[in-house]
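Structure first, then comments.
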Amino acid sequence: MHDAYEPVPILEKLPLQIDCLAAWDDWLLVGTKPGHLLLYRIKKDAGTNRFEVTLEKSNKNFSKKIQQLFVVSQYKILVSLLENNVHVHDLLTFQQITVVSKAKGATLFACDLQQSPSGEASLRLCVAVKKKLQMYYWKDREFYELQGDFTAPDIPKSMAWCENSICVGFKRDYYLIRMDGRGSIKELFPTGKQLEPLVAPLADGKVAVGQDDLTVVLNEEGVCTQKCALNWTDIPIAMEHQPPYIIAVLPRYVEIRTFEPRLLVQSVELQRPRFITSAGPNIVYVASNHFVWRLVPVSIASQIRQLLQDKQFELALQLAKMKDDAEGDKRQQIHHIQNLYAFNLFCQKRFDDSMQVFAKLGTDPTHVIGLYPDLLPSDYRKQLHYPNPLPALSGAELEKAHLALIDYLTQKRSHLVKQLNDSDPSTPSPLMEGTPTIKSRKKLLQIIDTTLLKCYLHTNVALVSPLLRLENNHCHIEESEYVLKKAHKYSELIILYEKKGLHQKALQVLLDQSTKANSPLKGHERTVQYLQRLGMENLGIIFEFSPWVLKMCPEDGLKIFTEDLTEVETLPRDKVLNFLKEGFKELAIPYLEHIIHVWDETGPEFHNVLVQLYLERVQGLMKQYLNSLPDGVPAVAAGKEEGDLGEFRNKLLCFLEVSTSYEPGQLISDFPFDGLLEERALLLGRMGKHEQALFIYVHILQDTRMAEEYCHSHYDKETEGNRDVYLSLLRMYLSPPDVHCLGPIKMELSEPQANLKAALQVLELHHSKLNTTKAINLLPANTQIREIRVFLESVLEEKAQRKRFDQVLKSLLQAEFLRVQEERIFHQQVKCIITEEKTCRVCKKKIGNSAFARYPNGVVVHYFCCKDRGVCPTEQ
């Protein structure tokens, strides 16, 4: 409790009993039981709490019975309830202005004075006449009916306006009457055990309603606006609202409380007080039967000092906002009190409320973080000062505090990130004056992110990774590294290193953790994934940390260079190939196969190397295979061998046949003359040396099927070198060349023999792909006609068919030619004659010698008048 008001006697031992009070400005009206009306002028002495009281006017014959007084200083009138009727008098002369004649028998009235934004005042009056409520409004020095009467359930005992409603207290219950034209009545709640209702208007348009020693605040809908009711020490007789205080007259003293926070502020002992009235802000009068006191407010500065000592910061804030100081000083004091309030909330362990206040204040986040143990570096935390010792936090309390801090820092972080490009950002304020603040936004973000990391480690580890993955993550590397290692959060440590570009540190941790049994990073999978994301700018790091994976698991290690990721696919393939050839040659082949067959690599250097690597494997395996064959057992066909030899030789043959990017001229020297003849034949064919290739198939391998398949794959009648490939095969059958003319073949070969039967079969099957004249000239002179009868018949039939096709085509082309000529003649016959009388269809002027345009239907217009070639003027 503190002293908000000081009671000062105004009238003492008044010989007449007081029945009602009213006041305005420096004036006090006292209505007495005998019906006298007394007007006092009350002037305050400067610098003291003494008052000069002067009786300015006394009207002994004002009325026989003064029941209620209400002053409307804006209209200079006094509204009073005299002898159960409502009268209006001039405020200065007490001369009667009007009487509300319809209100005869009234027992109570309530006035409502409203001011519009333009400053105009409007007065409404509600009068209780037995069980009826009459509504009036003031205009032209007269009260007029506002609307029809309302029928009440009982005789009103207390009432007050509440915006566009009237709250009425009866003997047993409270009701709310809506002024919505229909006069709807809403029952609220009972009056209580004492059966004495009390309704008092409040400064914000609401009403305070009493129920025994409790008071609730209602709005115009009849809804309670406060969480808890005010609890007085006795049953109030009357009330007056002086924000932030509500003053109640109790049977033995005056009690002063506040709604928010709900506090008992002061109890003022007075001799049997009964009445209370206000003449405006900070002018309150309390009266008993024969005494009148004025409650003089204690200076706001003194109240604030006392409240701060008592740690009543919410009330101190309300008072600070009411001070008349300079705007800058006022704002600074409010800010200081708010900081103290937030700090006190934290000390009371109301962490969420505390953080919300700090967030609104713009307090330096480091000062807020300093409230917690072990979140700031010790040397910096020693520079921070606080109003009182900090509370010791541990266990569930510390976790709750951390959760509140997380919400606060997340909000602050979002605000600072938006400010990064702001040229004039707001500067954080200190919690205590004189404490240093951090002005660099990047530095603040670094502290906030690092603190968030520590808080997540204490509360929810699952949030650590998302924080570290943020693109604008500002975590302090060394501090974050220390706390993550201390918590054994190596997976999160990897994310930190990766986002900060410390790839070597991250990969070293992965290497160290890969052999630890209980580590979540055990194995090589995370290292493979990490290396795959590095890209070509970190190629050196990839080559540095990939060998241990390639040795441990070559198949997974190769994925570092073959995964379908943009970063992997863009790695320089020549450098990767050289790296693999130097240290992991067995992986060069699967790497080349992947980039050629999956990524469609067409570079001849890669195709050449793959052929060479296939060749090396085949030659090595071939030696083992031949050495393992028993004497006299022939080798199987190329590519049909068992095991790795068959697999790799088949790959080599298929690649030589399918690939179009390797350079056969550079590769053929690597192939021996005494083996791998099928492969050599493919290379010779790719070089266009068909006769040498066919010699291998026909006379060395003696496989006519392969020779014909070779011709089938290379024949192309549009290409000069491939047009006569079947003719070369025919020549190879009929006139085989000398072995030594075709190159150094290191094999024991018999002299090649002619094969007329195979030649005749080629003539029969492939006559359409042969030059007939050249083919017949190659046949031996003693060849019988019957031997080539089928060939000749096929050739003649094909020629005859071709002739018939050409004749039909010629006739069709001739007919098309004649049709086109006929159409041309038809269109050339159309004439357009321009005479002197010919006029333009658009402008109606003569065509004359001007340029003109003719539409297909014969309409002629000036060329200038032809706006749209697709629309004829006659069709418009």
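Quick note: numbers below take in every heavy atom, side chains included, and nothing from hydrogens, waters or symmetry partners.
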Would you compute the distance between atom CD of Glu314 and atom CG of Leu263 and round it to the nearest 0.5 angstrom? 8.0 Å
Under a 3.5 Å cutoff, is there a donor and acceptor pairing between the side chains of His335 and Ser429? yes
Got more than 12 heavy atoms from elsewhere within 6.0 Å of NZ, Lys400? no
Crowding at CG, Asp374 (>12 non-hydrogen neighbours, <6.0 Å): no
Donor-acceptor pair, distance only, cut-off 3.5 Å: does the side chain of Glu492 make one with the backbone of Leu468? no
Return the CG to CG distance between Leu125 and Leu113, rounded to the nearest 0.5 Å. 12.0 Å
Side-chain donor-acceptor contact under 3.5 Å, Arg294 with Tyr285: yes
Listed partners of Gln242 passing side chain to side chain donor-acceptor pair (under 3.5 Å), at least two apart: Ser278
His402 and side chain to side chain contact (heavy atoms under 4.5 Å, CB included): which partner among Asn460, Leu375, Thr451? Leu375
Under a 3.5 Å distance rule, please check whether Ser354 uses its side chain to pair with a backbone N or O of Ala342 as donor and acceptor. yes
Residue pair Lys489, Val464: steps toward the side chain to side chain contact (heavy atoms under 4.5 Å, CB included) verdict: CA-CA 9 Å; Lys489 298 300 177 184; Val464 173; over 6 Å; no
Test side chain to side chain contact (heavy atoms under 4.5 Å, CB included) on Phe189 and Val216 and set out the steps. CA-CA 11 Å; Phe189 45 81; Val216 297; 3.8 Å; yes
Distance flag, aromatic centroids of Phe346 and Tyr372, threshold under 6.0 Å: yes
Is any NZ, NE, NH1 or NH2 atom of the basic residue among Arg41 and Glu52 found under 4.0 Å from an Asp or Glu carboxylate oxygen of the other? no
Would you say that more than 12 heavy atoms from the other residues, nucleotides or ligands in this model lie under 6.0 Å from the CD of Gln115, or not? yes
Carefully, step by step, assess Arg178 and Glu220 under the rule salt bridge (charged side-chain N to carboxylate O under 4.0 Å, His left out). CA-CA 8 Å; Arg178 296 279 295 166; Glu220 65 173 340; 3.6 Å; yes
Do Leu390 and Phe343 have side chains that approach each other closer than 4.5 Å (heavy atoms only, starting at C-beta)? yes
One should read off an interatomic distance between Leu496 CG and Ser480 OG, to the nearest 0.5 angstrom, of 5.5 Å
Thr410 vs Arg413, side-chain hydrogen bond (donor to acceptor under 3.5 Å, both in side chains): CA-CA, chis, key distance, verdict: CA-CA 5 Å; Thr410 304; Arg413 186 186 193 282; over 6 Å; no
When rounded to the nearest 0.5 angstrom, what is the spacing between CG in Leu308 and NE2 in His2? 10.5 Å
Tell me if a side-chain donor or acceptor on His367 pairs with a main-chain N or O of Pro436 at a distance below 3.5 Å. yes
Answer yes or no: is there a side-chain heavy-atom contact under 4.5 Å between Ile334 and Leu317? yes
For Met239 and Trp232, what are the C-alpha separation, side-chain angles and deciding distance, and is it a side chain to side chain contact (heavy atoms under 4.5 Å, CB included)? CA-CA 12 Å; Met239 282 186 199; Trp232 305 95; 3.8 Å; yes
Kindly indicate whether the side chain of Lys499, heavy atoms from C-beta on, has any atom under 4.5 Å from the side chain of Glu471. yes
Quick check for you: to the nearest 0.5 Å, what is the distance between Asn344 atom CG and Gln312 atom CD? 8.5 Å
Give the minimum heavy-atom separation between Cys111 and Leu123, together with the two atoms involved. CB-CD1, 4.1 Å
Do the charged groups of Asp26 and Lys43 touch, with an N to O distance under 4.0 Å? no
So with a 6.0 Å cut-off around OH of Tyr482, is the heavy-atom count from everything else above 12? no
State which residue, out of Leu444, Leu431, Ile447, fulfils the side chain to side chain contact (heavy atoms under 4.5 Å, CB included) condition with Asp364. Leu444
Take atom CZ of Arg272 as the centre, draw a 6.0 Å sphere, and report whether it contains more than 12 heavy atoms from other residues, nucleotides or ligands. no
Does CD belonging to Gln271 count more than 12 external heavy atoms closer than 6.0 Å? no
I need the minimum non-hydrogen distance between Pro201 and Trp161, along with the two atoms involved. CB-O, 4.5 Å
Between Lys44 (side chain) and Thr48 (backbone), is there a donor-acceptor pair under 3.5 Å? yes
Looking only at heavy atoms, the pair that brings Leu467 and Leu453 closest together is CD2-N, 3.6 Å
Ile246 CD1 to His241 NE2 distance, which is reported to the nearest 0.5 Å: 5.5 Å
Assess, by modelled atom type and distance only, whether the side chains of Lys323 and Gln333 contain a donor and an acceptor separated by less than 3.5 Å. yes
Minimum heavy-atom distance Cys228-Arg262, with the two atoms named: CB-NE, 3.5 Å
Taking the side chain as every heavy atom from C-beta outward, state whether Phe275 and Val249 have any atom pair closer than 4.5 Å. no
Taking it one step at a time, do Leu393 and Lys349 satisfy side chain to side chain contact (heavy atoms under 4.5 Å, CB included)? CA-CA 9 Å; Leu393 302 175; Lys349 299 179 182 178; 4.2 Å; yes
Assess, by modelled atom type and distance only, whether the side chains of Ser302 and Arg305 contain a donor and an acceptor separated by less than 3.5 Å. yes
Are any non-hydrogen side-chain atoms of Leu188 and Val209 less than 4.5 angstrom apart? no
To check you understand the geometry: which heavy-atom pair defines the closest contact between Gly169 and Val199, and what is its length? N-CG2, 4.1 Å
Is His458 reaching over with its side chain to a backbone N or O of Lys454, donor-acceptor style, under 3.5 angstrom? yes
Indicate the atoms forming the closest heavy-atom contact of Val79 with Phe109, along with that distance. O-CZ, 3.6 Å
So, the side chain of Arg257 versus the backbone of Asn231: is there a donor-acceptor pair under 3.5 Å, distance only? yes
Hey, what's the ring geometry for Tyr245 with Tyr5, parallel, tilted or perpendicular (30° and 60° as the breaks)? perpendicular
